[in-house]
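For reference, the structure is listed below as structure tokens.
Computed over heavy atoms, backbone and side chain alike; hydrogens, waters and symmetry mates excluded.
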Amino acid sequence: MKEKLQHYISRYIQLDDSDFEHFYSLLQVDQFSKKEFLLEEGKISRNQFFILEGLVRTFYTDHNGNEKVIQFGIENWWVTDMDSFINQQVSMVTIQALEKTKVLSISKTKLDQAFLEIPKLERLFRIITEKSLVAQQRKSHFFMKASSKERYLGLIKAIPNFVQRVPQYMIASYLDITPEYLSDLRKKH
């Protein structure tokens, strides 16, 4: 676990061993069973989660009761409802484990403490946030311009073996297509 996080951090910044150990001491290891919630709509996001093993989805329920998947999270990704986490207000999304999932979690209070005690971490989380924002913008632009088929092919190219781990109806929801159309696309590719 430690090595995984240390390797991840070293991609963006260099922390000396004592700073890393201090940061690691602020984290908590949590495990979630398949279908268990990391965060539920209507509750405040108290933690950010670094996924060590497993897979999660972030979704909301529309006014017709349909679940709309807006994001997936895989190993070595940080996930939370950023608006809820930063502003400590109720979340409008749910984050659910799709497989047995192991995470490192950190509370807002402890993360703020870490930023004060280890200033390099603030840079790390700025870089992570920037990369996340860029990825969301690219996804939005791509989804606006791409056909359903191009969105599907882009997903399987970006995250190989991902579609085998996620139920087809969730992928269809994420791609904003019907499960039947996704089935047709999968048969052809």
Leu104 vs Phe49 side-chain heavy atoms within contact, under 4.5 Å:
no

Using modelled atom types only, decide if a donor and an acceptor are shared between the side chain of His7 and the backbone of Glu3 within a distance under 3.5 Å.
no

Nearest atoms (heavy-atom pairs only) where Glu40 meets Ser91
O-CB, 4.3 Å

Val29 vs Lys102 side-chain heavy atoms within contact, under 4.5 Å
yes

Non-hydrogen side-chain atoms of Ile95 and Phe37 separated by less than 4.5 Å
no

ILVMFWY cluster, Val166 and Ile159 together (side-chain gap under 4.5 Å)
yes

Search all heavy atoms of Ile106 against all heavy atoms of Phe85 and return the closest pair with its distance.
O-CE1, 4.0 Å

Counting neighbours of CZ on Arg138 that are heavy atoms of other residues, nucleotides or ligands and sit closer than 6.0 Å, is the number greater than 12?
no

Same cluster or not: Ile171 versus Trp77, using hydrophobic residues (I, L, V, M, F, W, Y) connected whenever any side-chain heavy atoms lie under 4.5 Å apart?
yes

Under a 4.5 Å cut-off applied to non-hydrogen side-chain atoms, are Asn76 and Lys4 in contact?
yes

Can a cation-pi geometry be assigned to Arg151 and Phe143, taking NZ or CZ under 6.0 Å from the six-membered ring centre and within 45° of the ring axis?
yes

Point-to-point distance, once rounded to the nearest 0.5 Å, from OH of Tyr152 to CG of Leu175
9.0 Å

Between Lys2 and Glu21, is a salt bridge (charged side-chain N to carboxylate O under 4.0 Å, His left out) present by the stated rule, with each step listed?
CA-CA 9 Å; Lys2 250 189 206 185; Glu21 289 298 327; 2.8 Å; yes

Quick one: does Arg165's side chain have a donor or acceptor within less than 3.5 Å of a partner on Gly54's backbone?
yes

Would you please indicate if the ring centroids of Tyr174 and Phe59 are separated by under 6.0 Å?
no

Shortest non-hydrogen separation from Gln89 to Ser84 and the atoms involved
O-OG, 2.5 Å

In one Ile/Leu/Val/Met/Phe/Trp/Tyr side-chain cluster, 4.5 Å: Phe72, Tyr169
yes

So Arg46 and Ser107, do their side chains get closer than 4.5 Å, heavy atoms only?
no

Closest heavy-atom pair, Leu15 versus Leu121, reported as atoms and distance to 0.1 Å, is CD1-CD2, 3.9 Å

Lys108 side chain near Gln88 side chain, heavy-atom distance below 4.5 Å
yes

Is it possible for you to say whether Leu5 and Ile127 belong to one hydrophobic cluster, with membership spreading through side-chain heavy-atom contacts below 4.5 Å?
yes

So, are Arg57 and Glu67 salt-bridged, with charged N and O less than 4.0 Å apart?
yes

Arg126 and Glu130 ion-paired at < 4.0 Å
yes

Let's go through Ser45 and Asp81 carefully: what are the C-alpha distance in whole Å and the side-chain angles of both, what is the deciding distance for side-chain hydrogen bond (donor to acceptor under 3.5 Å, both in side chains) to 0.1 Å, and is it a yes or a no?
CA-CA 6 Å; Ser45 180; Asp81 175 349; over 6 Å; no

Do the rings of Phe50 and Trp78 sit parallel, tilted or perpendicular, given the 30° and 60° boundaries?
tilted

Determine, stepwise, if the pair Phe115 / Phe125 fulfils ring pair (Phe, Tyr, Trp, His ring centres under 6.0 Å).
CA-CA 9 Å; Phe115 289 162; Phe125 278 83; 5.7 Å; yes

Is any side-chain heavy atom of Gln31 closer than 4.5 Å to one of Lys100?
yes

Mark yes when over 12 heavy atoms from residues, nucleotides or ligands other than Asp16 sit less than 6.0 Å from its CG; otherwise mark no.
yes

Do you know which two heavy atoms are closest between Ala114 and Leu26, and how far apart they sit?
CB-CD1, 3.7 Å

With a 4.5 Å cut-off on side-chain heavy atoms, are Tyr8 and Ile128 touching?
yes

Is the number of heavy atoms from other residues, nucleotides or ligands under 6.0 Å of Arg123 CZ greater than 12?
no

